[in-house]
Participant: 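Right, I'll just put the structure down here and ask away after.
On a predicted model such as this, the values are computed, not experimentally measured, just so you know.
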Amino acid sequence: MDPLDWTIVLTLNGGIILYGLLRGRDTRSSADWFLAGRTLPWWMIGLSLYATVIDASDLVADSGGTYAVGVSYLVTNWVGVTGGWALLANWIAVPMYRAGMYTNAEYLEARFDLSTRVVSALVQALYRTLVLGIIATTLYLVLSIVGGWGVSAWWGVVAIAALATAYTAFGGLRSVAVTDALQSLIMIASSIALFLAAWAAVGGWSGMDAKLDAHRHGLGEELLRVGSDDVSRQSVAGESPDAIDRRLLLGGTHDPESAEIFSVTPSWLAALAWIIIGLGYAVVNHTQSMRLFGARSEWDMRMAVVVSGLILLGVNFTNLVIGIMGRALYPEPGLMPLSAALQVRDSVFPLLVSELTTTGVRGLVVAGVVAASFSTFDSIGSTVPSLLVRDIFARIFVPYRDDRYYVATSRILTPLVIFGAFAFVPLLLQERGMLMVLVDWIGAFVVPLLAVYLMGAFTRVHRSSAVWGLLAGILYGTLKLLAPFFATAHGVAILPPLFLNNYASTVISLLLTAGVMVAVTAVRGAEATREPRALKEKGWLASSKLGAWANQPASPKGLGLPVALGAATFLVGAFLSFVVFW
């Protein structure tokens, strides 16, 4: 990168960070830090929601994902996330907002019990910290490949994390929402710039299809249609017959001619799994709920997801097709002009930035990646402390301290969360790609929580059913994570192959958790209502809610409009997924 490129990166992001710090000066109370004083307008929340769903992992890790699975992954955002946002803002989050709740985990105690609340907080902290690890790895790849920093790129990652820590800890959601909104504009501009450069390099849609087919007949159809079956391949060249047999315990068929183990997943099952994963992101993720809770009115909360959804429908295509265009130019990671250590799927985005963009444009794209990284570092850096402080620390251990004590505790936790995420990096730097690692963890821990939120909001399942459903779902997910080790290291199959398929397991996890909840309800009886109970909280948890309502939200106005627009956004995403690209 040239000095002009670095100037663009520093100027665009430095100005936003400075503005965030200035906005953070008004943060005084926990209501300010956690909820921005409930003063956020719909357009700011919408931009912030978009900036958190399309983070640096979507620019880099998800491009590595589409390099492998193609356009079917777009269903996650086009249908799953837009549908999840509509459900969250118009139904699931409404009783939380009206009750002045600070976290989505708090709702689970009101609807179910304390154990479910604590499990939700811990699972979200673990899963979102893993996402921070993905962001750190993403930044390393970009600075190493595009910036030419090599291993020293980790110092740049640490510096970015430290800056994000500073303004997040200082201002909380009041700073984060405004910086997210501004950073989203850089992200949109940068993704369009790279998309246009890559589009010209591959010769448009037809050129991309032809290049993919030239590598392997039918590859273009496989990657460019949602309705094509998903085919995964794993090379076993040079491995012993015993090692191959052990791998087959995980599923698939061995092809001796190509020295590969391949498995085929029907397109409908893959699409269903991607929808569930998108729903899990939108519904379970407190990063999303926290922004909605900061809305100045219920109308603003509902309208915000329309803004974010419309942006997502357009920009998501330009973001994620980059990975497929990279596959057309470099059909195998081993063909990438990079060192052996960097020849992985996730390198495709930074490689295209390095190879296809010119001075100035390259700086804009890297500025977008850095902005996306800041957006996620600050979002999760404010979200996870709110869960740990309110749902565990203050709820169970230290309930009676003043407001400043808990704000200070949240600020102390922010750097611990952000820098603790670096422990996940070794897990992420592997050939199968960061997205597939994330999908494993979502299936194991997030999907069971999704089932609990949906069952709690839309059915009258018994209060005690949630903890049993979570135990069943998380136990199954944990066994799935351990299965590859037992199979390859010890030759022991702890689950049938169907239960190990990433797509099938996502659906099984949702059905298993919901099924156990239904079974418990059949024994213990249904609740009289699905509405959450009023919690008898004590100490700071009770008093801080008064601060949350210091700025009384305006009365709902014309709620039918945002509901209709949210439904329309979802239907457009479904049309794109199941008609245009099917």
Participant: Do Leu122 and Ile392 come close enough that some side-chain heavy atom pair is under 4.5 Å?
Facilitator: yes

Participant: Over all heavy atoms of both residues, which pair between Ser509 and Gly443 is shortest? Give the atoms and the distance, please.
Facilitator: OG-O, 3.3 Å

Participant: List the steps and the verdict of side chain to side chain contact (heavy atoms under 4.5 Å, CB included) for Val71 and Thr66.
Facilitator: CA-CA 6 Å; Val71 296; Thr66 54; over 6 Å; no

Participant: For the pair Trp78 and Phe317, name the ring-plane relationship: parallel under 30°, tilted 30 to 60°, perpendicular over 60°.
Facilitator: parallel

Participant: Minimum heavy-atom separation for Val283 and Asn104, please, with both atom names.
Facilitator: O-ND2, 4.0 Å

Participant: Any chance you could measure Leu511, atom CG, to Thr506, atom OG1, to the nearest 0.5 Å?
Facilitator: 11.0 Å

Participant: Could you tell me which non-hydrogen atom of Gly46 sits nearest to which non-hydrogen atom of Ser308, and how far apart they are?
Facilitator: O-CB, 3.2 Å

Participant: At what distance, to the nearest 0.5 angstrom, does OG of Ser144 lie from CG of Leu139?
Facilitator: 12.0 Å

Participant: Is the side chain of Thr82 donor-acceptor paired with the backbone N or O of Gly309 at a distance under 3.5 Å, no angle test?
Facilitator: no

Participant: Could you check if a side-chain atom of Leu219 sits within less than 4.5 angstrom of a side-chain atom of Arg327, using non-hydrogen atoms only?
Facilitator: yes

Participant: Do Phe445 and Leu130 come within less than 4.5 Å of each other through their side chains, counting heavy atoms only?
Facilitator: no

Participant: Do Tyr127 and Trp441 have ring centroids that are under 6.0 Å from one another?
Facilitator: no

Participant: Is the shortest side-chain heavy-atom distance between Met325 and Trp199 below 4.5 Å?
Facilitator: yes

Participant: Could you check Asn501 against Thr265 for side-chain hydrogen bond (donor to acceptor under 3.5 Å, both in side chains), going step by step and ending with a plain yes or no?
Facilitator: CA-CA 8 Å; Asn501 177 285; Thr265 302; 3.0 Å; yes

Participant: Less than 4.5 Å apart, side chain to side chain, heavy atoms only: is that true for Pro333 and Tyr67?
Facilitator: yes

Participant: Please confirm whether the backbone N or O of Met336 pairs with a side-chain atom of Gln343, one donor and one acceptor, at under 3.5 Å?
Facilitator: yes

Participant: If every non-hydrogen atom of Ile508 is compared with every non-hydrogen atom of Leu498, which pair is closest and at what distance?
Facilitator: CD1-O, 4.3 Å

Participant: Without swapping roles, check the side chain of Thr116 against the backbone of Leu108 for a donor-acceptor pair under 3.5 Å.
Facilitator: no

Participant: Could you report the tightest heavy-atom contact between Ser354 and Arg362, atom names first, then the distance?
Facilitator: O-NH2, 3.8 Å

Participant: Supply the atom-to-atom distance Asp230 CG to Leu269 CG, rounded to the nearest 0.5 angstrom.
Facilitator: 9.5 Å

Participant: Closer than 3.5 angstrom, by distance alone: can the side chain of Thr137 be matched with the main-chain N or O of Gly133 as a donor-acceptor pair?
Facilitator: yes

Participant: Taking only residues two or more places apart in sequence, or in another chain, which ones meet Thr103 in a side chain to side chain donor-acceptor pair (under 3.5 Å)?
Facilitator: Asp391

Participant: For Arg246 and Ala489, indicate whether the former's side chain and the latter's backbone hold a donor-acceptor pair under 3.5 Å.
Facilitator: yes

Participant: Quick one: which of Leu428, Val437, Asp346 gives a side-chain contact (heavy atoms from CB on, under 4.5 Å) with Ile134?
Facilitator: Leu428

Participant: From the options Trp155, Trp149, Trp154, select the one residue that forms a ring pair (Phe, Tyr, Trp, His ring centres under 6.0 Å) with Tyr140.
Facilitator: Trp154

Participant: A side-chain contact here means heavy atoms from C-beta on lying under 4.5 Å apart; do Met208 and Val321 qualify?
Facilitator: yes

Participant: Please report the shortest heavy-atom distance between Leu249 and Leu500, naming the atom on each side.
Facilitator: O-CD1, 4.1 Å

Participant: Rounded at 0.5 Å granularity, tell me how far OG in Ser577 sits from CG in Leu74.
Facilitator: 7.0 Å

Participant: Find the distance between CG (Asp62) and OG1 (Thr76) and round it off to the nearest 0.5 Å.
Facilitator: 8.0 Å

Participant: Is any side-chain heavy atom of Ile192 closer than 4.5 Å to a side-chain heavy atom of Phe195?
Facilitator: no

Participant: At what distance, to the nearest 0.5 angstrom, does CD1 of Ile261 lie from CG of Asp255?
Facilitator: 10.5 Å

Participant: I want to check something: taking the side chain as every heavy atom from C-beta on, are Tyr330 and Leu352 in contact at a cut-off of under 4.5 Å?
Facilitator: yes

Participant: Could you tell me if Tyr476 and Thr513 have a donor-acceptor pair between their side chains, going purely by distance under 3.5 Å?
Facilitator: no

Participant: Anything under 30° is parallel, anything over 60° is perpendicular, the rest tilted; go ahead and classify Phe486 against His490.
Facilitator: tilted

Participant: Looking at His286, is its backbone amide N or carbonyl O close enough to the side chain of Gln124 to form a donor-acceptor pair, meaning the two atoms are under 3.5 Å apart?
Facilitator: yes

